[in-house]
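Scroll down for the structure; my scribbles are underneath it.
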Amino acid sequence: MTFSTTDREAAADREAMARALVLARQGLATATPNPRVGCVIVRDGRTVGEGWHRRAGEPHAEVLALAAAGEAAKGATAYVTLEPCAHFGRTPPCADALIAAGVARVVAAMEDPNPKVAGRGIARLRAAGLNVECGLLHDEAVELNPGFISRMSRQRPWLRLKAAATLDGKTALENGVSQWITGPEARADGHHWRARACAILTGIGTVKADDPQLSVRALPCERQPLRILIDARLEVDPAARILQDAPALIVTASADKTRTQRLASLGHRILCLPAANGHVELSALPRELAALELNEVHIEAGARLNGALLAADCVDELLLYLAPMALGSTARGIFDLPVLTALDEAHRFDIRDCAKIGGDLRILARKTI
């Protein structure tokens with residue numbers, strides 16, 4: 001079989017963009033609230049510069065790649081996993097930097113959903129005479145930034161609910177014992193998902209029962225996620241481990257000034273979202289979290305809060321670790337939901353990925369819209 005010049009060029013484009021996506025993943029746990037972005041600059045078939053965005057306020061991927069390329073950027077092709085920005089934010093526009101460097105062609109994986117960009121970067125590059133293409137490895141680029149895309153397009157973070165359960169969907173014995181249902185490999189893998197999140201959310205029931213830290217401990221982590229506690233009556237003990245080391249966000253329905261002031265004096269932020277029934281108005285929570293520039297929120301809670309979040313449309317994705325065991329009907333489940341009378345009332349998900357982690361099965365399932 002022979003390959004045309006066009007075929008070889010297309011293969012080279014895909015290879016360069018695939019490399020840019022690998023680079024972007026290096027910012028998985030640090031880039032927030034910005035998107036994870038990678039850039040590769042190629043001239044005459046040779047990579048002359050690479051870069052990835054590390055954290056907000058630091059140079060963007062394109063700027064770092066251009067700095068590495070130097071004069072070799074003139075006449076080169078820049079492969080970027082996200083449309084170059086065209087506005088002044090914490091840093092100057094990347095589109096202007098590419099133009100000034102003399103880049104001849106830009107290949108972007110996807111347009112930027114940020115309303116401040118949204119095609120303006122591509123338009124600026126084309127107006128300056130650059131050849132611009134968009135859409136190469138689009139789906140892979142989308143999967144890299146579900147939270148940023150969700151926050152920009154839906155004004156809510158991407159909410160991922162994690163649970164460790166048995167094959168019959170049980171998370172603990174009737175007496176509450178759950179350590180450990182899954183093996184060490186699955187537990188370590190769960191910390192990687194914590195690390196990429198902007199925040200970890202749980203409920204007061206879990207805090208009372210387990211006193212969790214909800215921090216990233218199984219791997220090096222430059223940035224600990226914000227810890228969010230749903231506590232309708234402000235019952236949390238200020239000495240609880242979730243409230244140590246760094247300020248937390250406590251979401252409540254309580255107007256108790258004494259408890260509010262006590263927790264606030266310790267540096268914690270209190271968000272009051274009361275519902276008519278005395279519970280927290282969970283349906284209002286996603287927009288509030290988006291206002292805090294949170295992209296991905298990782299949920300680790302008990303069956304009651306899990307069920308309430310699911311019912312309030314606050315779950316976009318399930319991250320389930322299933323252990324090869326069964327605990328029976330009296331054990332505790334993943335979701336506490338109202339009794340359903342018809343199958344069409346069920347909450348449905350699309351399974352996106354399955355992988356064996358140690359002796360357990362990891363399932364990633366996305367809410368069917």
Side-chain angles (χ1 to χ4, degrees), residues 3-28 30-31 34-142 144-145 148:
F3 294 92
S4 67
T5 300
T6 301
D7 290 334
R8 289 195 296 270
E9 290 173 346
D13 283 348
R14 290 182 65 86
E15 182 179 352
M17 186 62 79
R19 173 59 183 167
L21 287 164
V22 169
L23 291 169
R25 287 189 64 84
Q26 295 188 57
L28 203 63
T30 60
N34 289 350
R36 299 124 179 177
V37 181
C39 178
V40 172
I41 297 178
V42 176
R43 180 175 175 181
D44 299 328
R46 183 174 66 90
T47 297
V48 296
E50 293 185 342
W52 57 278
H53 183 51
R54 186 180 183 88
R55 60 171 56 87
E58 295 187 8
H60 287 189
E62 300 94 316
V63 173
L64 292 171
L66 289 170
E71 289 298 313
K74 291 182 178 179
T77 296
Y79 298 87
V80 194
T81 59
L82 186 69
E83 173 188 2
C85 61
H87 68 292
F88 282 88
R90 295 179 177 92
T91 58
C94 290
D96 290 352
L98 291 165
I99 294 167
V103 168
R105 176 174 175 245
V106 174
V107 180
M110 61 175 289
E111 288 191 9
D112 192 335
N114 186 344
K116 295 179 180 179
V117 184
R120 293 182 180 87
I122 290 174
R124 184 175 296 188
L125 292 169
R126 285 176 174 159
L130 279 71
N131 179 7
V132 182
E133 301 166 29
C134 187
L136 180 63
L137 299 187
H138 172 274
D139 292 349
E140 291 85 344
V142 168
L144 186 64
N145 285 299
F148 179 78

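All values derive from a computational prediction rather than experimental measurement.
The backbone N or O of G121 lies less than 3.5 Å from a partner atom in the side chain of E83, making a donor-acceptor pair. For the pair R36 (side chain) and A24 (backbone), a donor-acceptor distance under 3.5 Å is absent. Counting only distance, with no hydrogens or angles, the side chain of T81 and the backbone of G38 share a donor-acceptor pair below 3.5 Å. No side-chain donor-acceptor contact under 3.5 Å links H138 to the backbone of E140. Between the side chain of R43 and the backbone N or O of T77 there is no donor-acceptor pair closer than 3.5 Å.
To the nearest 0.5 Å, atoms CG (D13) and CD (E9) are separated by 7.5 Å. The CG atom of L66 sits 6.5 Å away from the SG atom of C39 when rounded to the nearest 0.5 Å. To the nearest 0.5 angstrom, Y79 atom OH is 9.5 Å from E15 atom CD. Atom CG of L64 and atom CD of E50 lie 11.5 Å apart (nearest 0.5 Å). Distance check, rounded to the nearest 0.5 Å: NE2 of H53 to CD of E62 gives 10.0 Å. Note: L137 CG to M17 CE = 6.5 Å, rounded to the nearest 0.5 Å.
Proximity of P84 to R124: side-chain heavy atoms (C-beta onward) are nowhere separated by under 4.5 Å. Taking the side chain as every heavy atom from C-beta outward, I41 and T47 never approach each other to under 4.5 Å. Residues V80 and V37 meet the side-chain proximity criterion, which asks for heavy atoms closer than 4.5 Å. Side-chain contact check for I122 versus E111: some heavy-atom pair is nearer than 4.5 Å.
Nearest heavy atom pair, residue R54 against residue T30, reads O-OG1, 2.6 Å. When every heavy atom of V42 is checked against every heavy atom of A76, the shortest pair comes out as O-CB, 3.3 Å.
In R126, the CZ atom is crowded: over 12 heavy atoms of neighbouring residues, nucleotides or ligands sit closer than 6.0 Å.
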Verdict with reasoning, F148 to N34, per side chain to side chain contact (heavy atoms under 4.5 Å, CB included): CA-CA 7 Å; F148 179 78; N34 289 350; 5.8 Å; no

L125 vs L98, side chain to side chain contact (heavy atoms under 4.5 Å, CB included): CA-CA, chis, key distance, verdict: CA-CA 8 Å; L125 292 169; L98 291 165; 4.2 Å; yes

Side chain to side chain contact (heavy atoms under 4.5 Å, CB included) assessment of N131 paired with V106: CA-CA 6 Å; N131 179 7; V106 174; over 6 Å; no

Stepwise side chain to side chain contact (heavy atoms under 4.5 Å, CB included) test for N145 and L82: CA-CA 10 Å; N145 285 299; L82 186 69; 5.5 Å; no

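With respect to E133 and R105, a salt bridge is recorded, a charged nitrogen being found less than 4.0 Å from a carboxylate O.
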